[in-house]
Amino acid sequence: MSATITHMRREIEEIPEATARLLDGSAAVLTEAGRGIRERDPNFVVTVARGSSDHAATFMKYAVELTAGLAVASVGPSIASIYGARLRLGGSACLAISQSGKSPDIVAMAQAARAGGSLTVAITNTADSPLARACDYAIDILAGPERSVAATKTFVNSAVAGLALMAYSTGDDKLLAALARLPEHFRKAIGCDWMALAGALETQKSLFILGRGPSAAIANEAALKFKETCAMHAEAYSAAEVMHGPLALVGPDFPVLALAARDASEPSVAEAADNLAAKGAAVFVTSDKATSAQHLPHVATGHPLTDPLALIVSFYGFVEAFARHRGLDPDTPPNLRKVTETI
Ligand SMILES: N[C@@H]1[C@@H](O)[C@H](O)[C@@H](COP(=O)(O)O)O[C@@H]1O
């Protein structure tokens with residue numbers, strides 16, 4: 001274990017200021033792109049992304065479906081990059097999310113979406129990138145350089161940029177106000193101590209991470225981070241879907257982390273956590289509504305769409321500490337590079 005602070009920890013601590021910088025510095029382009037989307041008045045939305053950026057896209061899928069009344073579909077980049085297939089995307093908007101903005105498959109799919117009639121918006125941490133140039137609008141998430149292989153502040157800022165874009169396009173002042181309060185909530189979320197989880201996890205090889213709606217996207221992001229930084233297998237499920245086949249694995253040697261946000265799904269996630277605890281599993285949940293699963297501290301942000309983002313910030317703080325607790329350096333996961341370029 002290193003006595004010096006890791007890049008990952010430093011970048012988690014930078015999240016509040018990075019979010020404030022995005023909301024301020026990219027307000028003009030977010031307003032302009034929001035207006036562009038409103039004028040296009042799309043009938044549906046497609047997303048193009050991979051990895052953590054894809055989890056931000058899944059988060060946006062729920063946010064758009066819940067508040068803008070539009071169905072959202074994820075398009076596999078290989079549709080363009082390998083198969084060269086043409087999609088008829090007239091009447092749609094396309095969100096392409098990539099922190100580097102240069103993976104050839106993501107760029108090819110964004111170009112194909114634009115050629116197919118979609119209004120394309122890039123959400124990227126690299127303003128002068130091929131993806132930014134390929135799209136009708138490019139939102140710079142202004143997260144600053146991210147040196148840790150595991151994305152943290154770029155994930156949060158991609159999701160915040162997506163929410164801000166939606167708020168500007170639909171004229172949602174309540175959401176804009178909630179976003180403006182986020183830096184302060186993130187500061188508190190970094191301070192939430194989840195190390196109670198460590199004892200239950202350290203002798204295990206795998207766990208389930210659950211969520212519902214927007215927090216299901218957060219569960220996917222958390223599971224990826226366990227693999228990257230803790231060399232531990234984690235699988236994300238909807239708190240409803242886990243009750244089907246996956247339930248067979250849950251028991252005293254199979255822990256569960258349930259990420260409940262303060263939205264309409266909270267009672268169902270808390271109930272699922274209690275049901276799994278009844279199977280003898282160590283179950284942790286970010287809800288005070290659970291009666292037998294163990295409670296983890298969380299920050300209530302006052303808006304159902306920003307709550308899951310406070311959860312991932314608390315989780316990031318935990319997972320970085322847990323990696324070091326396991327004697328691993330979260331900055332240098334085996335086999336991985338910061339920028340993934342796939343075709
Ligand atoms: N969100 C996309 C999915 O929509 C896609 O199916 C998958 C595989 O894509 P590809 O076929 O380009 O490898 O990548 C991402 O996860």
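Whatever order the structure lists ligands and atoms in, that order sets their numbers, starting from 1. Each residue takes its place number in the sequence, starting with 1. Not measured: the values here are computed from a predicted model.
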Grouping ILVMFWY residues whenever side-chain heavy atoms fall under 4.5 Å, the cluster of Ile82 otherwise contains Tyr83
Taking only heavy atoms of the protein into account, state which residues are under 4.0 angstrom from an atom of ligand 1, in chain and number order.
Ala49, Arg50, Asp54, Ser74, Val75, Gly76, Pro77, Ser78
In terms of the angle between their ring planes, are Trp194 and Phe318 parallel, tilted or perpendicular, with boundaries placed at 30° and 60°?
tilted
For the residue pair Phe254 and Phe208, categorise the inter-ring angle as parallel (less than 30°), tilted (30 to 60°) or perpendicular (more than 60°).
tilted
Please collect all side-chain hydrogen bond (donor to acceptor under 3.5 Å, both in side chains) contacts where either partner lies in residues 264-277, sequence neighbours excluded, each pair once.
Arg262-Glu266, Asp263-Ser265, Glu266-Ser287, Asp274-Thr291, Asp274-Ser292
Donor-acceptor contacts, no H, no angles, side chain residues 64-74, under 3.5 Å, sequence neighbours left out:
unit_1: Glu65; atom_1: OE2; unit_2: Lys61; atom_2: NZ; d: 2.9
unit_1: Glu65; atom_1: OE2; unit_2: Val72; atom_2: N; d: 2.9
unit_1: Thr67; atom_1: OG1; unit_2: Ala63; atom_2: O; d: 2.7

Which heavy atom in Ala272 sits nearest to a heavy atom in Ala239, and how many Å separate them?
CB-O, 3.8 Å
